[in-house]
Amino acid sequence: MKRTEIRSLLERTDYGTAVNVKGWVRTKRSSKNVAFIALNDGSTIKNVQIVVEMNEENDKLLERIHTGAALSIDGVLTESMGSGQSVEVQSKSIEILGEANPDEYPLQPKKHSLEFLREKAHLRFRTNTFSAIARIRHAMIFAVHNFFNDRNFYNIHTPIITGSDAEGAGEMFQVTTMNLENLPKKEDGSIDFEKDFFGKAANLTVSGQLEGELAALAMSNIYTFGPTFRAENSNTSRHLAEFWMIEPEMAFYDLNDNMDLAEDLLKYVIQYALDHCREDLEFLSKRQQDEEKTKKEDERSMELIKKLNFVLAEPFVRLTYTEAIDVLMNSKLNKKKKFQYIIEGWGADLQSEHERYLVEKHFKRPVILTDYPASIKAFYMKQNEDGKTVRAMDILFPQIGEIVGGSQREESYNKLLIKIKELDIPMESMWWYLETRKFGSVPHSGFGLGFERLILFLTGMSNIRDVIPFPRTPLNLEF
RNA sequence: UCCCUAGUAGCUCAGUUGGUUAGAGCGGCGGACUGUUAAUCCGUAGGUCGUAGGUUCAAGUCCUACCUGGGGAGCCA
């Protein structure tokens, strides 16, 4: 008999039909006359209830069925007599596809801590929380591609291995085929990268932006959606060594166009989640509320779905760095020296506590900060006429902080060249980037959206290690 | 990398100012009972208290170092 996915099975009403379901046991409750098995196949957060009449044959089978076992069940679709579900399957025959020894299987039909499940990353897909996150993650990948495709953006695959070490976005992982036990050396004792696979030093990409710009300066609107690697020793709930980033790059866009696009994108994918991931979001919402029960009322998060709708309802607040400094300088927290880092004046780099104040306390909405001091931003950002700020924009979200970072790019060959020299960026790795400013240079803009940070926001999870199946962080490469 | 904090049964945790044989709930196992819903009830097994040193008559409890987790900070997405 052909297998029916639980997701579609639960929507059927053709009672009396013979069906086959396959999946993994979540719980088993047995008694003298009847046993109930909650079966899940990952197609939906809901389980299907299998009803097993007790007889000699089934008694023996049920002894071997525990949480985690894989079953194939032939049975009859039935209207449920119980109150927890409308449909169930009356079992006719059970095949045990794979047993799960209860002495060894670590997942129990109870709440496990996220920390514990992180150590069981190979099995955590089998929990409601992690399967819900995986389904939402999928939906968001799909939504991102949809959004750009609808707007005639072309998806570009930028390289994962790069010869450029000047992207400036962070420490890089080195890539080599050389024998690390016996590295080829030059006469002066330095490592001879000419003997390496590419004939030069290679790294994993920290951003596809520079290559994305090349494409945008021919194709107009492009985006990348790929893995990104940062070898920073970051130990926080918001950083990964390997993460996924969406980087659109648009010719003829100024900073305002850029902000409009970023805000549209975020609102589009949030709406998509509300439209397509309702059950998973409702589950995660309940999970979060249970988790925060012990917290004081004013420290609890806004209910998840309410929060998502709230972000959709209003335009993001847009203000310049200079205006933000004013707000912070005039804030009670700054005047009463309640910030750990007191804002002394213009030019200060904003700390997490300041960003959180702006987003969570002052404006109580997502905030887009623009026109930062040039000294605290990357070399490729367009310089303003004032000579001290650049056309940068950061989108700040509650709890998450910076979810998007972007800018209008410097299109002037001379200005860019001067900047590169100032910062001692090696010309031999930047010549191709500079040539785009030499030949048909135009105003253009782009940004990077951290995919996992987006998923954090959407799921209400608090640790980024729980929104990617196999997190890579310092000293963690088990799975 | 820095600051704070935690590590006790398979899981979640309690263990009082250092003082006899280290406890609970859940899970497992055995049984009872019931169209059950993380079922319920009764019984039962299970721990060299993260590791290594040290202080003390006596250490799960105090001290030091290390390992691992968590929270915060920096780097950023």
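In what follows, every chain begins at residue 1, and chains take the letters A, B, ... in the order their sequences are listed.
Put simply, CZ on A:R287 is 16 Å from C1' on B:A38, counting in whole angstrom units. Rounded to an integer number of Å, the gap from A:R29 CZ to B:G35 C1' is 10 Å. B:A77 atom P lies 14 Å from atom CG of A:L369, rounded to whole Å. Atoms CZ (A:R230) and P (B:G74) sit 16 Å apart, rounded to a whole Å. One interatomic measurement links the two molecules: CZ of A:F283 to P of B:A38, which rounds to 12 Å at whole-angstrom precision. Rounded to an integer number of Å, the gap from A:L39 CG to B:U37 C1' is 15 Å. Nucleotide B:C11 holds its P atom 6 Å from the CZ atom of A:F116, rounded to whole Å. Whole-Å rounding puts the A:F229 CZ to B:A77 C1' distance at 14 Å.
Within 4.0 Å of A:G448, counting heavy atoms only, lie sugar-phosphate atoms of the nucleic acid but no base atom. At the heavy-atom level, A:N101 lies nowhere under 4.0 Å from the strands shown. Residue A:Q85 is classed as a base contact, given a heavy-atom separation below 4.0 Å to a base. Counting non-hydrogen atoms under 4.0 angstrom, A:M81 reaches a base of the nucleic acid. At the heavy-atom level, A:E88 lies under 4.0 Å from base atoms of the strands shown. Using a 4.0 Å heavy-atom criterion, one finds that A:L240 contacts the bases of the nucleic acid, with or without backbone contacts as well. Note on A:S113: only backbone sugar-phosphate atoms sit closer than 4.0 angstrom, heavy atoms only; bases stay farther off. A:E355 comes within 4.0 angstrom of nothing in the nucleic acid, heavy atoms only.
For the ring pair (Phe, Tyr, Trp, His ring centres under 6.0 Å) test with A:F451, the passing option among A:F225, A:W244, A:F243 is A:F225; the others fail.
A distance of about 15 Å separates the P atoms of B:U8 and B:C62, rounded to the whole Å. Spacing of C1' atoms, B:U48 relative to B:U44, comes out at 23 Å, to the nearest Å. Annotation: B:G31 and B:G70 have their C1' atoms spaced 41 Å apart (nearest Å). B:G7 and B:U16 have their P atoms separated by 12 Å, with the value rounded to a whole Å. Atom name C1', nucleotides B:G71 and B:G15: the rounded distance is 24 Å, in whole Å. B:C63 and B:G30 have their C1' atoms separated by 47 Å, given to the nearest Å. Across B:A6 and B:A45, the matching P atoms stand 33 Å from one another, rounded to whole Å. With P as the reference atom, B:A59 and B:G19 are 11 Å apart, rounded to whole Å.
For A:S331 (side chain) and A:M329 (main-chain N/O), no donor-acceptor pair under 3.5 Å exists by modelled atom type. Put simply, the side chain of A:T473 never gets that close to the backbone of A:N476: no donor and acceptor are under 3.5 Å apart. In this structure a side-chain-to-backbone donor-acceptor pair under 3.5 Å is missing from A:N334 to A:I342.
Side-chain atoms of A:E247 and A:S207 include a donor-acceptor pair closer than 3.5 Å. With 3.5 Å as the limit, one finds a donor-acceptor pair spanning the side chains of A:R29 and A:Q49. Judged by distance alone, the side chains of A:E213 and A:Y433 do bring a donor and an acceptor atom under 3.5 Å apart. Defined by atom type and a distance below 3.5 Å, a donor-acceptor pair is missing between the side-chain atoms of A:D371 and A:T389. Counting only N and O atoms by type, the side chains of A:E292 and A:S301 include a donor and acceptor under 3.5 Å apart.
Base pairing of B:G23: its partner is B:C13, meeting the Watson-Crick or G-U wobble criterion (both donor-acceptor distances under 3.5 Å). When both pairing distances are held under 3.5 Å, B:G47 makes no Watson-Crick or G-U pair with any nucleotide shown. If you check B:C41 for Watson-Crick or wobble pairing at under 3.5 angstrom, you find it paired to B:G31. Pair assignment for B:C2: B:G72, on the basis of Watson-Crick or G-U wobble contacts that are both within less than 3.5 Å.
In terms of position on RNA chain B, the residue among A:K28 and A:E53 whose nearest nucleotide sits closer to the 5' end is A:E53.
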Discussion item. For nucleotides 23-32 of chain B, give me one character per nucleotide, 5' to 3': B if any protein heavy atom sits under 4.0 Å from the base, S if the only such contacts are to the sugar-phosphate, - if neither.
Written reply: --BBSSS---
Worksheet item: Nucleotide by nucleotide, 5' to 3', does protein get under 4.0 Å of the base (B), only the sugar-phosphate (S), or neither (-) in nucleotides 68-73 of chain B, counting heavy atoms?
Response: SSSSBB
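Shown here is A:R318, whose CZ atom has more than 12 heavy atoms of other residues, nucleotides or ligands within 6.0 Å.
In this structure, A:K338 fails the cation-pi test against A:Y357, since its NZ or CZ atom is not both closer than 6.0 Å to the six-membered ring centre and inside 45 degrees of the ring normal.
Both stacking criteria are satisfied for A:F243 over the base of B:A77: a centre-to-centre distance under 5.5 angstrom and an angle between ring planes under 30 degrees.
Residues A:N221 and A:Y154 form no side-chain contact, since every pair of their non-hydrogen atoms from C-beta on lies 4.5 Å or further apart.
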